[in-house]
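As structure tokens, the structure follows; a few thoughts come after it.
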Protein chains: 2
Amino acid sequence: MPSETPTLTDVARLAGVSENTVSRVVRNKGSIAEETRRRVTSAIDQLGYVPNRAAGSLASSSSLIIGVLLPSLSNIVFPEVLRGIHAALVSTPYQPMIGVTDYDLRQEQKILASMLAWQPAAIITAGFEHTDESRRMLQSNRIRVAELMDIDNRPIDLAVGFSHRKAGRAAAEHLVRRGYRRIAYVGHDWTADRRAFFRYEGLCDGLQQAGLAVAAELRFNGPSSTLAGRDTLGRLQQQAGDVDAVVFSNDDMAVGGFMHCLGDGIDVPAQLALFGFNGLEIGQALPKPLSTIRSNRFLIGKTAAETLLQASERAVEPHIIDTGFDIIEGATA
Amino acid sequence: MPSETPTLTDVARLAGVSENTVSRVVRNKGSIAEETRRRVTSAIDQLGYVPNRAAGSLASSSSLIIGVLLPSLSNIVFPEVLRGIHAALVSTPYQPMIGVTDYDLRQEQKILASMLAWQPAAIITAGFEHTDESRRMLQSNRIRVAELMDIDNRPIDLAVGFSHRKAGRAAAEHLVRRGYRRIAYVGHDWTADRRAFFRYEGLCDGLQQAGLAVAAELRFNGPSSTLAGRDTLGRLQQQAGDVDAVVFSNDDMAVGGFMHCLGDGIDVPAQLALFGFNGLEIGQALPKPLSTIRSNRFLIGKTAAETLLQASERAVEPHIIDTGFDIIEGATA
DNA sequence: GAAAATTATGTTAGCGCTGAGATAAAGCAT
DNA sequence: ATGCTTTATCTCAGCGCTAACATAATTTTC
């Protein structure tokens, strides 16, 4: 009578089969007679058997862990990616193990190393920037790797996201179509957030296409936030007066910009048009819904996890999945 | 020459010691001669040895995993708790494994069971509500358990948070002190979010103390959001006109309420005062910073993880840590 | 200076599971 | 009936590490 947590052996004994047979039933692998399966599952239920994952991982030298590396949790975008990943995993035996890099590549490398010690089934990372050592670890290991958010790079194995360059261009085209000509940019520190820089590049491209250029620009020296957006727009307006639209690096910044306009009595969009990026809920809850671009963070996470689980081996060629984006027309630009 | 990932044996051979000695150096356990330690660490560096966690867990029947159960990732509050947990773990060998329950106790139980299959060092869960089976699993297992956010309950092992009842009362006292008398409540569905209900109870207590009662109330039938806050305040105002202050179930709702006032030209706080809960950044970025209560989510997560790691055994009596809260005076109430 | 305590290291037996191969039983064509 | 394949099951070694105990070398104690 096992008073401790039951093991495969206990189940096997109760069901009158070998341990291996139980293992195959549990993992649904190989062929098993219907009658045997029934006996085994009933024994499992009776004992409340739960497989020991450590033992399984050790024996098979691979675990049911999916390592997830995120640059930050402060920005709601990444928890939403994580939510998507979780949604894809929730009905599988896989479990996400998360690591936060704080946009620090050396930190990413450290966390990556300790994650690989678990022999995870896959690694999902937001972004393409890695140290050489990280890249080597990901390359040499034949585990599956998804790099998220962006598709403007060649991935190691799988990329899921959309082109931030195109998104930037789309913002420019939208504003030009609406008749804005003196278009400024308010951003945040893009040494950490490379994608924000890609969008900026796309914006410049798009404006150039229309024979225009960025009329003024100011970047907050730190991560994006509503407060940073408010203050930075304020400073921009002191420096450069005659601007008729502002593209922000993201919605957080843009909502802050909107707050600045409210405080200063600036009529949006008549006096100044505002355009964001991400399609966060808060932007849509403003008295005038923010004009912005919807990035499908949840979908990116979900698609990545689902695609990784479809095959345990990498394909010969890296694979890229474009989840696209939509313009949210809004009422601010 | 091991072409595959090196094991303890490889390190031991290279350093000319037994495997066990290497193991003790790695885990920093037992006494080791300075000279030996040097030889071993140098061998580790040379081979790039990383311990196999699965093997370690199996042998010691406990892993370096911390299971984290969160009700949601959509509400920024929980990612912040996770951020705190991560901050406490980042310089340790522990790794967080996360599960999202979607406020569903049966889902929590399922995830909990599969987490326990990893023999985690501890489980951290946001909230005190569990199925009987979950509670049994947490009780019988002698692993450490932290229940977060709230301290209005008796925990299984450790509680970290603050009294939501007191926070509700503090809101009432603040508003009464400021001279508001006709105080309404705008909330969201509290079958899922029990803590919101506790705050409501506290609010009622506090008002009663001052000889008052909730002047009007309306609850949105769903999770909190800015849009829900905006719409629900709108509906409340149609139904009950003469209210001079509104307490919201949280900042998301309150910011939505502020948006409603902006749209309808209601002067805050002269015509209507608004009071939130959580102290989110967005509330402080409004043209008038939101009057609210700061709950230290990051601190709660960090304290919980730190406290759990201080001792691997439960104390005889459950332990409660009050992280407190502060009133943010703001400009809306 | 012998016994006891302390420090440093080695030896050995698993932890609970899976993979590979062996075996047995059943199905099928010839 | 005979060999050949397929299906269902078993046997057993071993994944890489740690716990427990054993041993050896050193220091302390009286």
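Only heavy atoms go into these numbers, but all of them, side chains included; no hydrogens, no water, no symmetry mates. Chain letters run A, B, ... following the sequence lines, proteins first, then strands; residues in each count from 1. This structure is a prediction, so every number in the text was calculated from the model and none was measured.
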Looking at [X] and [Y], would you say the former's side chain and the latter's main chain have a donor-acceptor pair under 3.5 Å?
X: A:Ser134; Y: A:His130; result: no
X: B:Ser23; Y: B:Glu19; result: no
X: A:Ser114; Y: A:Ile111; result: yes
X: A:Arg314; Y: A:Ile143; result: yes
X: A:Asn153; Y: A:Pro155; result: no

- prompt: Does any residue of residues 25-41 of chain B have a heavy atom under 4.0 Å from DNA chain C, and if so, which ones, in number order?
  reply: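 Under 4.0 Å from DNA chain C: B:Ser31, B:Ile32, B:Ala33, B:Thr36.
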
Just the rounded figure in Å: distance from P of D:dC17 to CG of A:Asn52.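 Result: 17 Å.
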
Between P on D:dC12 and CD on A:Glu19, what's the gap in Å once rounded to a whole number?
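Going from CD in A:Glu19 over to P in D:dC12 covers 12 Å.
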
Modelled atom types, side-chain donor and acceptor of [X] and [Y], under 3.5 Å:
X: A:Thr323; Y: A:Asn296; result: no
X: B:Thr41; Y: B:Arg37; result: no
X: B:Glu80; Y: A:Ser74; result: no
X: A:Thr131; Y: A:Glu108; result: no

*Would you mind reporting whether A:Met97 and A:Pro120 have side-chain heavy atoms less than 4.5 Å apart?*
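In short, these two side chains do not touch, never coming nearer than 4.5 Å.
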
**Report entry** With A:His86 via ring pair (Phe, Tyr, Trp, His ring centres under 6.0 Å) - residues at least two apart
**Finding:**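 Listed in chain order: nothing, the list is empty.
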
Near DNA chain D, which residues from residues 113-121 of chain B have a heavy atom under 4.0 Å away?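 By residue number: none to list.
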
OP1 or OP2 of D:dC10 less than 4.0 angstrom from a side-chain nitrogen or oxygen of A:Ser18, does that happen here?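 Result: yes.
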
Tell me whether the OP1 or OP2 atom of D:dT18 has a side-chain N or O from B:Ser23 closer than 4.0 Å.
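For D:dT18, OP1/OP2 do have a side-chain N/O of B:Ser23 under 4.0 Å.
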
Extract, from 5' to 3' on DNA chain C, the first and final nucleotides lying under 4.0 angstrom from some heavy atom of chain A.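 Going 5' to 3' along DNA chain C, contacts run C:dG16 to C:dA20.
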
> Around A:Asp132, counting heavy atoms of other residues, nucleotides and ligands shown, do more than 12 lie under 6.0 Å from its CG?
Replying inline: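 At most 12 heavy atoms, drawn from other residues, nucleotides or ligands, come within 6.0 Å of this atom.
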
Problem - Listed once per pair and sorted, the salt bridge (Lys or Arg N to Asp or Glu O under 4.0 Å) pairs that draw on residues 134-145 of chain A, sequence neighbours left out - result: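 Salt bridge (Lys or Arg N to Asp or Glu O under 4.0 Å) check on residues 134-145 of chain A returns A:Glu133-A:Arg136, A:Arg144-A:Asp157.
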
Quick tally for nucleotides 21-28 of chain D: nucleotides whose base has a protein heavy atom under 4.0 Å get B, sugar-phosphate-only ones S, the rest -, giving --------

